[in-house]
There are 2 protein chains.
Amino acid sequence: MTHRTVGHPAGLPDDPHANVTAPTPACPVEITLAALHGRWTTLVVRELLRGDRSYSELRAALPTLSDKVLSDRLAQLGEAGVVERDRRPGWPPRVRYALTPHGHRLGPVLQALWDWGSGGPEPRGRG
Amino acid sequence: MTHRTVGHPAGLPDDPHANVTAPTPACPVEITLAALHGRWTTLVVRELLRGDRSYSELRAALPTLSDKVLSDRLAQLGEAGVVERDRRPGWPPRVRYALTPHGHRLGPVLQALWDWGSGGPEPRGRG
DNA sequence: CTGAATCCCTGCCGATACTG
DNA sequence: CAGTATCGGCAGGGATTCAG
């Protein structure tokens, strides 16, 4: 998103992205939101924060998530460096999905999202 | 999103949303992501974190943002309890937009998004 | 100056069917 | 078991136009 102004302790004072005037994929905020973007994404991440999972374990944990979207999400999270795919030889095919170290660091991010969302006057139906 | 598992200090241990198996608007994570959802949204919030703004000041700060999307975003942020609209009498019409206290608390959230996005092996083009 | 209404195009997501 | 291919519906967002 291209911020700054957020009030960082000390760092990133002159990051050019902090003053962008249009959405750009290079902005750190955009990068994170892109990693988490789309329906089901955060639930998949939550599931993997609990431990590594197979494809069918993920389907079992999220029963109404379609194959297409699940593989879309796993690919998206792989591209973002959040999830690692571990294929093991033999039959039947066994594949394990696990968070990378970088992926694990989404924990505090999701916590911040959780905290804000549970913290206040959320909607304002009318006034 | 419906988490928990994120590793909270102590709170919210048995929040039912923590174990949801499908996306639900009631989940705190979803609430926050909904508030920030959509193109331009975080940039509008960043601008307001710097201080209150008029409609045309926002347009000036974000020159390629269309009227439709700007008013959509301001309405969305209003519904989410992030932004407050302050209409002042007289002519020409003067309206000021400012963050609510709850809106100001998005600062740390955006900071967390910024930090993760600037922090790691972001994409993995191929390997 | 501050918006709301409309139009159209694009991309997301869900369901279904098929492959290795 | 672990996915990919295809299709259709719907919502998001940009440009333009109109209104208070």
Side-chain angles (χ1 to χ4, degrees), chain A residues 1-2 21-25 30 33-45 47-48 52-80 83-98 126-127, chain B residues 1-2 20-25 27 30 33-45 47-48 52-80 83-98:
Chain A
M1 204 247 227
T2 298
T21 62
T24 164
E30 299 264 353
L33 290 178
L36 297 178
H37 176 256
R39 209 147 118 92
W40 294 100
T41 307
T42 54
L43 285 175
V44 171
V45 173
E47 206 56 34
L48 292 173
D52 63 302
R53 295 283 189 271
S54 69
Y55 187 89
S56 35
E57 284 169 344
L58 289 172
R59 284 205 305 190
L62 307 170
T64 60
L65 171 57
S66 76
D67 278 339
K68 174 183 186 294
V69 175
L70 176 53
S71 41
D72 281 357
R73 290 300 171 262
L74 290 169
Q76 163 190 339
L77 292 168
E79 292 287 323
V83 164
E84 192 162 26
R85 189 166 170 274
D86 181 17
R87 163 180 288 271
R88 305 188 32 185
W91 189 265
R94 302 267 168 182
V95 180
R96 295 250 110 198
Y97 290 94
R126 195 55 30 214
Chain B
M1 210 261 207
T2 300
V20 179
T21 62
T24 165
C27 170
E30 299 264 352
L33 290 177
L36 296 178
H37 176 256
R39 209 148 121 89
W40 294 101
T41 308
T42 55
L43 285 176
V44 171
V45 173
E47 207 54 35
L48 292 174
D52 63 302
R53 295 283 188 273
S54 69
Y55 188 88
S56 36
E57 284 170 344
L58 289 171
R59 283 206 305 190
L62 307 169
T64 60
L65 171 56
S66 74
D67 278 339
K68 175 186 186 292
V69 175
L70 177 53
S71 43
D72 281 357
R73 290 301 171 263
L74 290 170
Q76 163 190 340
L77 292 168
E79 293 287 322
V83 164
E84 192 163 26
R85 189 164 170 274
D86 181 18
R87 163 179 289 272
R88 306 187 31 183
W91 188 266
R94 302 266 169 183
V95 180
R96 293 250 112 197
Y97 291 94

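Sequence lines set the chain letters: A, B, ... in the order given, protein chains first and strands last, and positions in each chain run from 1.
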Rounded to the Å, how far apart are [X] [atom1] and [N] [atom2]?
| X | N | atom1 | atom2 | value |
| --- | --- | --- | --- | --- |
| A:H37 | D:dA11 | NE2 | P | 15 Å |
| A:D72 | D:dT4 | CG | P | 8 Å |
| B:R73 | C:dT2 | CZ | P | 20 Å |

For [X], answer base if it contacts any base atom (sugar-phosphate contacts may also be present), sugar-phosphate if it contacts only those atoms, and nothing otherwise; contact means non-hydrogen atoms under 4.0 Å.
| X | answer |
| --- | --- |
| A:R96 | nothing |
| A:R88 | nothing |
| B:W91 | nothing |
| B:S56 | sugar-phosphate |
| B:R85 | sugar-phosphate |

Return the angle between end axes of the helix from C:dC1-D:dG20 to C:dG20-D:dC1, with five pairs used per end and rounding to 10°.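 Comparing the first five pairs with the last five, the axes sit 40° apart.
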
Can you tell which of [options] lies closest to the side chain of [X]?
| X | options | result |
| --- | --- | --- |
| A:K68 | C:dG14, D:dG13, C:dT2 | C:dG14 |
| B:R59 | C:dT2, C:dG14, D:dG3 | C:dT2 |
| A:Y55 | D:dT4, C:dG14, C:dC12 | D:dT4 |
| B:V95 | C:dT2, D:dT4, D:dG14 | C:dT2 |
| B:D67 | C:dC13, D:dT17, C:dA17 | D:dT17 |
| A:P93 | C:dA4, C:dC1, C:dG20 | C:dG20 |

When you measure from the side chain of A:R73 to the backbone N and O of A:V45, does any donor-acceptor pair fall under 3.5 Å?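 Judged by distance alone, no pair lies under 3.5 Å.
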
Using modelled atom types only, decide if a donor and an acceptor are shared between the side chain of B:E47 and the backbone of B:E57 within a distance under 3.5 Å.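 Checking the backbone N and O of B:E57 against the side chain of B:E47, no donor-acceptor pair under 3.5 Å is found.
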
How close do A:P63 and A:A60 get, counting heavy atoms only, and between which atoms?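 Looks like CG-O, 3.7 Å.
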
A:T21 versus B:L43, closest heavy-atom pair with distance: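 Looking at all heavy atoms of both residues, the shortest contact is C-CD1, 4.3 Å.
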
Phosphate contact ([N] OP1 or OP2) by [X] side-chain N/O below 4.0 Å:
| X | N | value |
| --- | --- | --- |
| A:S71 | D:dT4 | yes |
| A:Y97 | D:dG3 | yes |
| B:W40 | D:dG14 | yes |

Using the side-chain contact (heavy atoms from CB on, under 4.5 Å) rule, take B:L74 and B:L58 through it: C-alpha gap first, then chi angles, then the decisive distance, then the call. CA-CA 10 Å; B:L74 290 170; B:L58 289 171; 4.0 Å; yes

